[in-house]
Amino acid sequence: MRRPMVAGNWKMNGTRAEAGALTRAVAQGVDAAKQTEVLLCPPFILIPLVADLLQGGKIAWGGQDLNVHAAGAHTGEVSGPMLRDFGCRYVIVGHSERRALYGESDQLVALKFKAAQGAGLIPILCVGETLAEREANQTEKVVARQLDAVTNLVGIGALANSVLAYEPVWAIGTGKTATPQQAQDVHRFIRTKLAALDNGIAAGLRILYGGSVKGGNAAELFGQADIDGGLIGGASLNADEFLTICRAGG
Ligand code: PGA
């Protein structure tokens, strides 16, 4: 049985006051009796504040990215060990905004995945196709290529200690959600592809869906056989909306 997960990706948003209010509201509203694992991923600079508020509670926190190096002359960067030091349990790697806006290659994302695990963090690996790729029927090819870069570097065994997120780029922040069937089809493809390498790992792997998930569409998406929760951008900045999504996780 895969434990559902709902992760909030705040992206580059939030003042200290906003982050504090949002974190408090989510912590108060989350139903600890539910099995869904809830995670908040604030911008780096807000992590200490969020960590202090969530300390000792049920909600986990994590980073949105990390550098592949542990320390040293990398001005402006943040490493996996630094995130661990602030109590992060997870870190997002390969978000489509990192890939598209900051030129992160499949190979670099694979190295980040490895660096995250090396630092004791659980990577949340994002994969997904652009609209042009979907229209050219390249969805499976693109997702397979993104996955292969990681499994070729770290081996299928390493995926046992990770989370995947399928995030079609055309659905991120656009209000255009993939239909539950469209999402399920890709989630199924991912699980089947990984099952060819290791059945047990594929069966136990959590695959989140991300891309314009809202309170109103979460339950149907999360009800699909291979969708184990969501990675939530815009809607994670509103406590009520995010909590509604968390409740839809089960
Ligand atoms: P969105 O973003 O929910 O605003 O579409 C999802 C994500 O980028 O993780």
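Counting convention: from 1, in listed order, for ligands and their atoms alike.
- Ring-plane geometry between Y166 and H187 is classed as perpendicular, the angle between the planes exceeding 60 degrees on a 0 to 90 degree scale with a lower cut at 30.
- Q64 has its side chain within reach of W10: a pair of non-hydrogen atoms, C-beta onward, lies under 4.5 Å apart.
- If you look at A171 next to ligand 1, the close heavy atoms, those under 4.0 Å, all belong to the backbone.
- For ligand 1, the atoms sitting less than 4.0 Å from at least one non-hydrogen atom of N9 are 9 (O), numbered in the order shown with element in parentheses.
- A side-chain contact (heavy atoms from CB on, under 4.5 Å) with V6 holds for exactly one of L243, L40, L39, I232; it is I232.
- Atom 3 (O) of ligand 1 has G233 N, 2.9 Å as its closest protein atom, hydrogens excluded (heavy atom only).
- If you check which protein heavy atom lies closest to atom 4 (O) of ligand 1, you get G234 N, 2.8 Å.
- Between the side chain of E104 and the main chain of G94, no donor-acceptor pair closer than 3.5 Å is present.
- Of all the heavy atoms in S236 and G8, the pair that sits closest is CB-CA, 3.6 Å.
- Contact annotation for I172 and ligand 1: heavy atoms of both the backbone and the side chain come within less than 4.0 Å of the ligand.
- For ligand 1, the atoms closer than 4.0 angstrom to any heavy atom of H95 are 7 (C), 8 (O), 9 (O).
- Using a 4.0 Å cut-off to heavy atoms of K11, the atoms of ligand 1 that qualify are 2 (O), 7 (C), 8 (O).
- The closest side-chain heavy-atom distance from L46 to W61 is not below 4.5 Å.
- Not one N or O of G211 is nearer than 3.5 Å to an N or O of ligand 1, by distance alone.
- The shortest N or O to N or O distance between S212 and ligand 1 is below 3.5 Å.
- Atom 9 (O) of ligand 1 has E167 OE2, 2.7 Å as its closest protein atom, hydrogens excluded (heavy atom only).
- Salt bridge E37/R89: present, at least one basic N to carboxylate O contact under 4.0 Å.
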For this session: Show your reasoning for whether salt bridge (Lys or Arg N to Asp or Glu O under 4.0 Å) applies to D106 and R99.
Result: CA-CA 8 Å; D106 296 335; R99 294 178 189 263; 2.9 Å; yes
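- Close approach of ligand 1 to G173 (heavy-atom distance below 4.0 Å) involves ligand atoms 1 (P), 4 (O), 5 (O).
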